[in-house]
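Inspection log for the structure reproduced underneath, given as structure tokens.
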Amino acid sequence: MTAAATATHCPYCALQCAMTLTPAPGADPDLPSAPARPAVAPRAFPTNRGGLCQKGWTSAQLLDSPERLTTPLVRETAGGPLRAAGWDEALDLVARRFAALRERRGADAVAAFGSGGLTNEKAYALGKFARVALGTSQIDYNGRFCMSSAAAAGTRAFGLDRGLPFPVTDLDDSGALVLVGANPAETMPPLMGHLDPARLIVVDPRRTATAQVALEGGGLHLQPAPGTDLALALGLLHVALVEGCLDTPQRTAYREERTVGWEGVRQCAARWWPERTERLTGVAAADLRRAAAALARAPRAHILTGRGAEQHSKGVDTVSAWIDLALALGLPGTPGSGYGCLTGQGNGQGGREHGQKADQLPGYRHIEDPAARAHVAEVWGVPAASLPGAGRSAWELLDALGTPDGPAALLVMGSNPVVSAPRARRVVERLRSLDLLVVADFLRSETAELADVVLPVAMWAEESGTMTNLEGRILRRRAVQCPPPGVRTDLEVLHGLAVRLGRSGHEFPTDPAAVLDELRRASAGGTADYAGAAPELLDAERPVYWPVPAAPPGAGVPEPTGAVGTPRLFLDRFAHPDGRARFLPVEHRDAAELPDAAHPLYATTGRQLQHYQSGAQTRRVPELAAAAPGPYVEVHPDTARRAGLADGDTARVVSRRGAVLARTRCVAGLRPDTVFLPFHFPGDGAANVLTNPALDPVSRMPEFKLSAVRLERADGGGATSPEEAA
Ligand SMILES: Nc1nc2c(c(=O)[nH]1)N[C@H]1C(S)=C(S)[C@@H](COP(=O)(O)OP(=O)(O)OC[C@H]3O[C@@H](n4cnc5c(=O)[nH]c(N)nc54)[C@H](O)[C@@H]3O)O[C@H]1N2
Ligand SMILES: Nc1nc2c(c(=O)[nH]1)N[C@H]1C(S)=C(S)[C@@H](COP(=O)(O)OP(=O)(O)OC[C@H]3O[C@@H](n4cnc5c(=O)[nH]c(N)nc54)[C@H](O)[C@@H]3O)O[C@H]1N2
Ligand code: SF4
Ligand SMILES: [Mo]
């Protein structure tokens with residue numbers, strides 16, 4: 001068989017850059033063989049336009065990494081080593097222990113934790129596995145840590161949540177584009193090709209690579225204190241209001257015809273005059289006026305939020321404030337303008353639609369809705385009454401593990417919470433207290449290291465399926481080679497366990513095509529309707545955007561070109577029953593913890609270009625590890641000096657929950673009251689040792705982006721004294 005170039009997409013982030021993979025010479029794509037490394041080449045596609053970032057270019061290097069798992073691992077005794085085991089032994093053991101716990105303690109004694117990195121098929125299968133094979137309500141996923149605040153705010157305003165309700169290419173012609181707490185120059189580099197630097201308004205406490213692009217190109221950088229974006233949005237709205245920008249006939253008509261609730265929001269904004277906004281946020285009143293004018297004068301404009309605005313205990317209200325501003329300007333649902341959230345993980349979008357969320361059934365249906373339960377139960381062939389109700393959110397689930405009321409066993413598929421969950425030491429303690437921790441992964445992640453059973457699974461280039469990118473476009477992931485011997489797919493793992501738990505094999509197919517077929521039926525009629533996402537359309541690389549209802553009977557073959565489904569949402573109506581968007585009055589409130597004498601600085605966290613998430617994958621790619629070798633803390637030079645730290649020194653960063661060691665990186669573009677740590681590193685340098693699991697009351701998102709810390713020298717000398725830092 002000749003090695004053909006296969007069209008697929010990058011395994012990492014939600015931009016899902018298009019690439020081709022060409023099998024290694026001699027590799028037979030249809031026969032299992034030793035792990036092999038195909039060649040990566042970028043592919044023309046509207047989102048990445050032939051670009052890839054460094055992670056994408058190096059993504060194939062893990063496929064034949066010596067660190068890949070190729071045999072199940074089992075730990076016989078607590079504290080003992082993991083030893084190689086056969087598949088039957090490992091799956092029998094897991095199923096036996098799950099069943100015994102269920103017998104003894106009820107179905108909720110077993111929990112599952114999924115991922116926005118899983119294909120639509122796997123996310124769907126995992127949600128079904130939990131509700132049908134385990135019968136548990138205890139399932140949630142890492143997307144809770146990602147876009148849940150924007151999702152909740154979007155649903156509340158528009159009646160529907162899709163990251164970008166328009167194609168990425170719409171951004172090309174934007175006349176003013178506000179990026180609130182997003183750093184795409186590092187987190188989605190090819191996206192930068194769609195953003196005109198002169199029209200950018202970047203809102204970030206740091207002068208990020210993205211802010212730098214804006215400043216050098218004639219755009220703006222607003223540098224608020226962490227946790228003050230809500231007030232900033234109201235401050236911008238205030239300026240637009242008093243300067244009369246909102247009184248144009250077009251905007252007035254938009255508010256009257258397409259929205260409800262403006263008066264309440266107008267009153268909220270009235271209280272945030274520029275000087276008051278400046279006092280709280282630190283953004284100069286003059287900058288506020290410039291930004292408001294640029295935004296209000298642009299004929300077409302966009303407001304996009306990222307994790308910087310969202311990962312707070314008031315993340316939902318913060319996003320609502322920015323949506324209020326967007327609605328006041330008449331942007332959502334207007335061609336060429338809009339509000340959107342930059343979804344993060346490869347399948348961050350699809351992963352939040354098909355039922356691995358604690359309160360959700362496929363098609364973005366609510367698990368407590370009787371009609372939704374009836375529909376999905378029928379597709380699954382089970383009584384609706386047998387489906388459990390809503391379970392705990394991700395942090396609450398992790399926090400409850402091993403407690404008298406919490407689950408005693410956990411299956412993790414596609415996440416590394418030891419590094420990525422907040423208050424990491426507590427998470428480790430909870431995972432250790434479990435009767436049984438099962439991790440499906442292709443690498444020995446820090447979470448796999450704690451497991452009683454590790455199941456080695458196939459990687460992206462070895463399986464097919466679908467992913468939904470940040471625009472809601474459903475894409476084909478294609479297999480280019482077989483998994484190495486000894487490795488199974490996630491779908492095979494779920495099938496193997498379900499059968500051992502007494503379900504019939506055909507309920508849990510291992511063929512992704514069969515799962516997609518079932519997913520389309522289960523999602524039909526739901527908010528995220530995939531019924532019309534026919535394999536032929538996806539195979540032909542047709543642009544398919546959800547909602548994509550089934551074609552009516554007799555509709556014939558769709559036009560041979562053009563988009564299928566809904567590339568642009570809300571053009572005629574919003575998804576609430578009355579078709580109108582909702583303004584939501586929101587108020588600033590403090591973060592769950594604020595700096596004090598003992599912890600005088602804000603610490604915020606985020607990403608750097610070379611590493612992906614917990615770093616489980618990218619820390620194992622030599623080129624990436626060499627470019628970004630370890631934990632660091634960005635500190636303003638004055639702040640560093642006061643702590644007795646010079647550039648390159650090892651700093652101890654201390655919060656109320658713990659301390660980490662990180663190399664000091666002095667950066668003048670940072671606010672002096674704020675430090676920044678990437679969360680990609682484990683152990684002594686794990687930023688999440690510091691973070692606060694205070695949750696947003698609506699989305700249950702933890703406050704990753706704000707904790708109070710102090711800086712010390714690692715050798716104990718020269719600690720910041722509270723007076724100096726004040
Ligand atoms: N290189 C890389 N790329 C990735 C990922 C990765 O791990 N590495 N992960 C993917 C995923 S899952 C996601 S969710 C996206 C995330 O993409 P982004 O949202 O762009 O990433 P972050 O670095 O988490 O946060 C963005 C910015 O928020 C700023 N920030 C911190 N606190 C605040 C605040 O209070 N207000 C404001 N306005 N800004 C604040 C930080 O300084 C940071 O520059 O990236 C995706 N792409
Ligand atoms: N402090 C701080 N913490 C954060 C954030 C932050 O900004 N600051 N951001 C949060 C965000 S936005 C996110 S999305 C989370 C993500 O954090 P995690 O959920 O930990 O995500 P990953 O590091 O991608 O972990 C994925 C794991 O699953 C494995 N894996 C990848 N694909 C598959 C698959 O298809 N099947 C299986 N079985 N395994 C697979 C990988 O090898 C890896 O070990 O981190 C959150 N944590
Ligand atoms: S931007 Fe995201 S999808 Fe594109 S190559 Fe980089 S990691 Fe992959
Ligand atoms: Mo994310």
Side-chain angles (χ1 to χ4, degrees), residues 9-17 19 42 47-48 51-57 59 62 113 115-119 122 141-143 145-147 179-184 186-191 203-206 208-211 222 224-229 232 305-312 318 342-346 348 412-422 439-443 445-448 455 457-460 463 469 489-490 493 591 602 604-618 670 674 676-680 687-688 690-691 702 704-706:
H9 295 266
C10 174
Y12 297 119
C13 85
L15 197 57
Q16 283 295 291
C17 295
M19 53 169 62
T47 50
N48 61 308
L52 294 176
C53 80
Q54 203 181 355
K55 294 186 299 302
W57 277 109
S59 54
L62 278 179
F113 198 89
S115 168
L118 302 178
T119 58
K122 297 195 289 187
Y141 78 123
N142 66 3
F145 296 156
C146 185
M147 33 36 62
L179 282 174
V180 197
N183 182 19
E186 295 206 60
T187 54
M188 292 183 184
L191 182 73
V203 181
D204 199 303
R206 305 187 295 143
T208 55
T210 311
L222 309 182
T228 63
D229 301 274
L232 187 69
T305 57
R307 303 306 85 78
E310 300 161 11
Q311 291 173 324
H312 290 275
T318 299
L342 290 168
T343 295
Q345 297 181 83
V412 178
M413 190 167 270
S415 181
N416 186 15
V418 164
V419 179
S420 58
V439 175
D441 207 309
F442 37 76
L443 297 164
S445 71
E446 287 71 18
T447 306
L455 303 171
V457 293
M459 290 185 69
W460 57 289
E463 61 178 9
N469 77 357
T489 65
D490 287 305
V493 166
Y602 295 109
T604 191
T605 59
R607 294 156 166 86
Q608 66 183 128
L609 173 66
Q610 288 85 1
H611 287 301
Y612 190 65
Q613 318 276 57
S614 72
Q617 298 180 71
T618 48
L670 184 61
T674 303
F676 169 86
L677 300 101
F679 76 100
H680 310 299
N688 275 320
L690 304 172
T691 48
F704 285 119
K705 289 291 194 265
L706 200 164

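Everything quoted here is computed from the prediction, not taken from an experiment. If you read the sequence from its start, that first residue is 1, and numbering goes on from there. Numbering of ligands and ligand atoms starts at 1, following listing order.
Distances from atom 2 (Fe) of ligand 3 to the heavy atoms of Cys13, Pro190, Gly344, Cys10 put Cys13 nearest. Here atom 39 (N) of ligand 2 lies nearest to Gly414 when heavy atoms of Ser614, Pro678, Gly414 are compared.
Taking any N or O of Thr187, backbone or side chain, at least one lies under 3.5 Å from an N or O belonging to ligand 1. Ligand 2 has an N or O atom lying under 3.5 Å from an N or O atom of Asn688, backbone or side chain. In terms of N/O distances under 3.5 Å, ligand 2 is not approached by Glu463.
When heavy-atom distances to ligand 1 are checked against a 4.0 Å cut-off, Pro226 comes that close through both its backbone and its side chain. With a 4.0 Å heavy-atom cut-off, ligand 1 is reached by the side chain of His312 but not by its N, CA, C or O. In Asp229, the part holding a heavy atom less than 4.0 Å from any atom of ligand 1 is the side chain. With a 4.0 Å heavy-atom cut-off, ligand 1 is reached by the backbone of His611 but not by any atom from C-beta on.
Residue, atom and distance of the protein heavy atom nearest to atom 27 (C) of ligand 1 are Asp204 OD2, 3.2 Å. Nearest to atom 24 (O) of ligand 1 among the protein's heavy atoms is Arg607 NH1, 2.6 Å.
In the vicinity of Met413, heavy-atom distances shorter than 4.0 Å reach the ligand 2 atoms 38 (N).
The nearest N, O or S atom of Cys17 is closer to atom 4 (Fe) of ligand 3 than 2.8 Å.
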